[in-house]
Q: 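Structure incoming, see below.
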Amino acid sequence: YSKYEQQKIKEAIVFSCQKLANLENSNKPVLLHAISVGTRLYSNNYQVQIVIAGYLHDIIEDTHITKRQIEKKFGREVSEIVLANTKNTNIKERSERHRELIKRCLSHSEKAAIVKAADILDNYTYYTNLADQYGINYCLDNIQLFKRYMQERYTDRIFTEMFTIIK
């Protein structure tokens, strides 16, 4: 990563820490999750926009931060990837909300799908470590949805890694 890209990644980490650190009523450590997703993408040398979006992927649904604020600070591409990874709270039925989210990520771009895959992988690790069968099943359901709706042109290695879980 260039010096400028490193600086933007650092800004995303700081922004995420500032906005997610004091969330209440959460059933999992959202800040740690955001850092884990972004770091997974960073460690695997993904494009800077994907890495930044990984650090910010839950920020719209978990805070009062808007797409416009993200766009102003991190650019249009990052804000669109984050928005693609944001649950539609107008859909009340949980399984339909997740189906719509997966389909939206997959139809938006491979970059949005990569962030969602990293999100699912981190959630799967978290719930597996807790032996939380409900959380594990949630992740497995999302992987199945991913597999059903994924476009064949998406060939990134993260998808292969995710699909090995359900083999």
Q: Under a 4.0 Å N-O cut-off, is there an ion pair linking Lys103 with Glu96?
A: no
Q: Does the side chain to side chain contact (heavy atoms under 4.5 Å, CB included) test come out yes or no for Val115 and Ile50, once each step is laid out?
A: CA-CA 7 Å; Val115 171; Ile50 295 171; 3.9 Å; yes
Q: With distance as the sole criterion, is a donor-acceptor pair present between the side chains of Asp132 and Tyr126 under 3.5 Å?
A: no
Q: Not counting sequence neighbours, list each pair that qualifies as a ring pair (Phe, Tyr, Trp, His ring centres under 6.0 Å) and has a residue in residues 128-162.
A: His98-Tyr138, Phe146-Phe159
Q: Can you sort out the partners of Tyr42 under side chain to side chain donor-acceptor pair (under 3.5 Å), two or more places apart, ordered by chain and number?
A: Gln6
Q: Under a 3.5 Å cutoff, is there a donor and acceptor pairing between the side chains of Asp119 and Asn123?
A: yes
Q: What's the spacing between Glu100 CD and Asn90 CG if we round to 0.5 Å?
A: 10.0 Å
Q: With a 4.5 Å limit on heavy-atom distance, are the side chains of Phe74 and Ser79 in contact?
A: no
Q: Could you tell me which residues satisfy side chain to side chain donor-acceptor pair (under 3.5 Å) with Arg157, sequence neighbours excluded, listed by chain and number?
A: none
Q: Hey, what do you get for CG (Asp62) to NE2 (His33), rounding to the nearest 0.5 Å?
A: 8.5 Å
Q: Do Leu106 and Ile91 share a hydrophobic cluster, counting only Ile, Leu, Val, Met, Phe, Trp and Tyr and linking them when any side-chain heavy atoms are less than 4.5 Å apart?
A: no
Q: Look up atom SG in Cys105 and atom CD1 in Ile120, then write down how far apart they are to the nearest 0.5 Å.
A: 8.0 Å
Q: Just how far is it from atom CZ of Arg99 to atom CG of Asp141, taken to the nearest 0.5 Å?
A: 10.0 Å
Q: Using the test side chain to side chain donor-acceptor pair (under 3.5 Å), find all partners of Tyr4 that sit at least two apart in sequence or belong to another chain.
A: none
Q: Run the side chain to side chain contact (heavy atoms under 4.5 Å, CB included) test on Asn85 and Asp58 for me, step by step, so that the C-alpha distance in whole Å, both residues' side-chain angles and the decisive distance to 0.1 Å come before the verdict.
A: CA-CA 7 Å; Asn85 276 274; Asp58 281 337; over 6 Å; no
Q: For a quick test of reading the model, state the closest non-hydrogen atom pair linking Asp122 to Arg40 and the distance between them.
A: N-NH2, 4.3 Å
Q: Linking I/L/V/M/F/W/Y whenever any side-chain heavy atoms sit under 4.5 Å apart, do Ile59 and Leu32 land together?
A: no
Q: Please check: side-chain N/O of Gln69 versus main-chain N/O of Thr66, any donor-acceptor pairing under 3.5 Å?
A: yes
Q: Under the 3.5 angstrom rule, does the side chain of Thr63 hit a backbone N or O of Ile60 as a donor-acceptor pair?
A: no
Q: When rounded to the nearest 0.5 angstrom, what is the spacing between CE in Met150 and CE in Met162?
A: 7.0 Å
Q: Quick one: closest heavy-atom pair of Leu41 and Gly54, and the distance?
A: CD1-CA, 3.7 Å
Q: Would Ile9 and Val48 count as a side chain to side chain contact (heavy atoms under 4.5 Å, CB included) here? Give the steps.
A: CA-CA 7 Å; Ile9 291 167; Val48 68; 3.7 Å; yes
Q: Would you mind listing every salt bridge (charged side-chain N to carboxylate O under 4.0 Å, His left out) that reaches into residues 64-78, with sequence neighbours excluded?
A: Lys67-Glu71, Arg76-Glu80, Glu77-Lys111
Q: Output, in order, the C-alpha distance, side-chain angles, deciding distance and verdict of side chain to side chain contact (heavy atoms under 4.5 Å, CB included) for Leu101 and Asn88.
A: CA-CA 7 Å; Leu101 174 61; Asn88 182 345; over 6 Å; no
Q: Is any side-chain heavy atom of Val51 less than 4.5 Å from a side-chain heavy atom of Gln47?
A: no
Q: Are the side chain of Ser107 and the backbone N or O of Arg104 linked by a donor-acceptor pair below 3.5 Å?
A: yes
Q: Measure the spacing between CG of Asn142 and CG of Leu121 and express it to the nearest 0.5 Å.
A: 11.0 Å
Q: Could you check whether any side-chain N or O of Glu61 sits under 3.5 Å from a backbone N or O of Lys87, counting only pairs where one atom can act as donor and the other as acceptor?
A: yes
Q: Enumerate donor-acceptor pairs with a distance under 3.5 Å from any side-chain N or O in residues 11-20 to protein atoms, sequence neighbours excluded.
A:
| from | atom 1 | to | atom 2 | distance (Å) |
| --- | --- | --- | --- | --- |
| Glu11 | OE1 | Lys8 | NZ | 3.0 |
| Ser16 | OG | Tyr55 | O | 3.1 |

